[in-house]
Amino acid sequence: MLSVLIWLPILAAAIIAILPASFPNHRIRLTALIFSGTVLAWNFFILLKFDISNAGMQFKEYLPWNETLGLSYQIGVDGLSILMLVLNSLLTWISIYSSSKGTERPRLFYSMILLVSGGVAGAFLAENLLLFFLFYELELIPFYLLISIWGGSKRGYAGIKFLIYTAVSGALILATFLGMVWLSGSTNFAFDAFSTENLSTTKQILLLAGIVLGFGIKIPLVPFHTWLPDAYVEASAPIAILLGGVLAKLGTYGLLRFGLGMFPHAWSIIAPTLAIWGAISAIYGAVIAIAQTDIKRMVAYSSVGHMGYILLGAAASTPLALVGAVAQMFSHGIILAILFHLVGVVEAKVGTRELDKLNGLMSPIRGLPLISALLVLSGMASAGIPGLTGFIAEFIVFQGSFSAFPIPTILCIVASGLTAVYFLILLNRTCFGRLDNFAYYPKVLWSEKIPALILAAFIIFLGVQPTWLVRWSESTTTTMVAAIPSLEKTVISEVALK
């Protein structure tokens, strides 16, 4: 059942890549849409079959692969990964649908997107460390090509920078995985085949540091974020949607699955440091976003800030905070996706992303009133306005984290306030203001509005009915929290050892 989510996109990528040259370009896009839509529908079918009361892995599949290496095809889904799978397939479909019908080299373009989708799904489903790493690295070259070939004027630089940072991330993660298995004395890389509990505290912290640094680059967290603005800005809007909405979630998922899940004792020791790190990332991302004049770069830096909230929730490790962290991962994905799509539409119609050159887009004279209204909605969601999904995710994280880390939580709340500041700047200068001319921009087609309307529906529905956002992960996160020593106990035990 789960293998469909991995291998159907990969099979579709292979089929599209070998289509004859005489095959019309618009039918290549339609073929990609049909395959990605099928994967999305199958994902919703799995969601309906998912048992929210079961904290463990469900729909498990196992196939021996290489017993000498301890590598097996072992996959499953639980509350930590089910929403990430839905997010991946949804944004893949949105990305393909929102791509231009005149995209050059469409066979390669859509093949790479579908290959990324299959690789990301495999990483979220893997129950074997080496299998996870193989799928984790599978998206590296496709994303490099998607940035370097279809990106902006500095696409070559952005692509190489992304490639280097992501390669370093993968090397750190692989080295840590090998260390985890070898030090534990196991010969199998399956999640349930070894335990880190028998390792000394020093070894656990060193291995956990590799996990945090490796996935921290992918998220990315400050100061490993410098690849992000270049990659997000130079990538085309559909690819920016995948970079921010899906790729970054591999990093946060990895922290929760392998950091918190496999090193509960060491995690409780470094949790205060992680909470401070999350607060710094949140404040830094918000402050730098305020200083931007390019609206796409502003949205990119906003992502850095919002990733800090997830790290704060993971560090606090209370049941409420961890549910909030998972909810924030999904909410951030759909909010960032709609923002990048709308910015792409504005750039295509107006010809610029500069705040100094944009004004009055809400006016019917400009021809972009609905796009502007959706931009206002998505800005409000990102700023955490009540009634929208961004608010409920952030509120749960802050409420769950305050008892453990009050000062970092307050700093993240301040960062959330700063988010409202830079989005007010963006909206005031783009959607409102006096018209400096009476230019009427090209009409926005309904096909260009549909992706934003779909994402807006998710933002509103999950904001009004937050149970549909948090119910999937509650059982799994509660079980994970139960294995983590309380912060007070950890501090007392460390002092006693000294």
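For the pair Glu234 (side chain) and Lys154 (backbone), a donor-acceptor distance under 3.5 Å is present. Proximity of a side-chain donor or acceptor of Ser303 to a complementary backbone N or O of Val299 within less than 3.5 Å is not detected. A donor-acceptor pair is defined here as one N or O able to donate and one able to accept, closer than 3.5 Å; such a pair exists between the side chain of Arg29 and the backbone of Tyr97. Side chain of Gln292 to backbone of Ala289: no donor-acceptor contact under 3.5 angstrom is found. Gln74 places no side-chain N or O within donor-acceptor distance of the main-chain N or O of Leu63, the cut-off being under 3.5 Å. A donor-acceptor pair is defined here as one N or O able to donate and one able to accept, closer than 3.5 Å; no such pair exists between the side chain of Thr389 and the backbone of Gly463. Side-chain atoms of Ser372 come within 3.5 Å of backbone atoms of Leu368 as a donor-acceptor pair (strictly under, hydrogens ignored). Side-chain N or O atoms of Trp277 include none that pairs as donor or acceptor with a backbone N or O of Leu221 at under 3.5 Å. Trp227 places no side-chain N or O within 3.5 Å of a backbone atom of Pro220 that could act as its donor or acceptor partner. Side-chain atoms of Ser36 never come within 3.5 Å of backbone atoms of Trp93 as a donor-acceptor pair (strictly under, hydrogens ignored).
Contact detail for Leu172 and Gly210: the closest heavy-atom pair is CB-O, 4.2 Å. Of all heavy-atom pairs spanning Leu208 and Gly259, the tightest one is CD1-CA, 3.5 Å. Closest approach of Ala275 and Ala315 over heavy atoms only: N-CB, 3.7 Å. Shown here for Val212 and Leu255, the closest heavy-atom pair between the two residues is CA-CD2, 3.7 Å.
In this structure, Phe50 places its CZ atom where more than 12 heavy-atom neighbours from other residues, nucleotides or ligands lie under 6.0 Å away. The number of heavy-atom neighbours closer than 6.0 Å to CZ of Arg471, taken from other residues, nucleotides and ligands shown, is above 12.
The side chain to side chain contact (heavy atoms under 4.5 Å, CB included) test with Met380 is passed by exactly one of Leu388, Leu375, Ile459, Ile335: Leu388. Each of Tyr253, Phe132, Phe135 was checked for a ring pair (Phe, Tyr, Trp, His ring centres under 6.0 Å) with Phe124, and the lone residue meeting it is Tyr253.
Counting only heavy atoms from C-beta outward, the side chains of Asn88 and Leu242 never approach each other to under 4.5 Å. Contact check for Leu80 versus Trp472: no side-chain heavy atoms found under the 4.5 Å cut-off. At least one side-chain heavy atom of Arg107 sits less than 4.5 Å from a side-chain heavy atom of Asn25. With a 4.5 Å cut-off on side-chain heavy atoms, Leu370 and Lys449 count as touching. Annotation: side chain of Lys296 is in contact with side chain of Arg353 (closest heavy-atom distance under 4.5 Å). Thr419 is listed as a side-chain neighbour of His306, based on a closest heavy-atom distance under 4.5 Å. Here the side chains of Leu108 and Trp150 are in contact, with some heavy-atom distance below 4.5 Å. Two residues are said to be in side-chain contact when any heavy atoms from C-beta on lie closer than 4.5 Å; Leu114 and Leu11 fail this criterion.
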Review point. Going through the checks in order, is the side-chain contact (heavy atoms from CB on, under 4.5 Å) test met by Val304 and Leu228?
Key: CA-CA 8 Å; Val304 176; Leu228 179 145; 4.0 Å; yes
**Study point:** From CA spacing to verdict: side-chain hydrogen bond (donor to acceptor under 3.5 Å, both in side chains), Tyr284, His225
**Key:** CA-CA 11 Å; Tyr284 177 87; His225 69 287; 3.3 Å; yes
**Study point:** Test log, rule side-chain contact (heavy atoms from CB on, under 4.5 Å), inputs Met329 and Leu87
**Key:** CA-CA 9 Å; Met329 288 162 64; Leu87 182 67; over 6 Å; no
Review point. side-chain contact (heavy atoms from CB on, under 4.5 Å) between Leu71 and Leu134: does it pass, once the steps are laid out?
Key: CA-CA 11 Å; Leu71 175 61; Leu134 291 176; 4.2 Å; yes
Practice item. May I have the step-by-step check of side-chain contact (heavy atoms from CB on, under 4.5 Å) for Ile211 and Met262, ending in yes or no? Key: CA-CA 10 Å; Ile211 292 290; Met262 294 188 174; over 6 Å; no
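One finds the OG atom of Ser236 at 11.5 Å from the CD1 atom of Ile149 (value rounded to the nearest 0.5 Å). Residue Ile460 holds its CD1 atom at 11.5 Å from CG of Leu455, rounded to the nearest 0.5 Å. Atom CZ of Phe162 is separated from atom OH of Tyr157 by 14.5 Å, given to the nearest 0.5 angstrom. Distance check, rounded to the nearest 0.5 Å: CG of Leu83 to NZ of Lys249 gives 12.5 Å. Considering CZ of Arg297 and CD1 of Ile288, their distance stands at 11.0 Å, rounded to 0.5 Å. Taking CG of Leu115 as the reference point, atom CD1 of Ile113 lies at 11.0 Å (rounded to 0.5 Å).
Between Lys161 and Tyr165, the side chains place no donor N or O within less than 3.5 Å of an acceptor N or O (distance only, hydrogens not considered). Residues Glu61 and Ser3 bring a donor and an acceptor atom of their side chains to less than 3.5 Å of each other.
Taking the six-membered ring wherever Trp is involved, the centroid distance between the rings of Phe215 and Tyr136 falls below 6.0 Å. Remark: aromatic rings of Phe35 and Tyr110 are distant, center separation not under 6.0 Å. Taking the six-membered ring for Trp and the full ring otherwise, Tyr309 and His332 have centroids separated by 6.0 Å or more.
Taking the six-membered ring for Trp and thresholds of 30 and 60 degrees, Tyr73 and Trp7 have ring planes inclined between 30 and 60 degrees apart. The aromatic rings of Phe191 and Phe258 stand perpendicular to each other, their planes meeting at an angle above 60°, with 30° marking the opposite boundary.
Under the side chain to side chain contact (heavy atoms under 4.5 Å, CB included) criterion, Leu30 pairs with Ile34, sequence neighbours left out.
Between Asp230 and Arg155, no side-chain nitrogen of the basic residue sits less than 4.0 Å from a carboxylate oxygen of the acidic one, so the salt-bridge criterion is not met.
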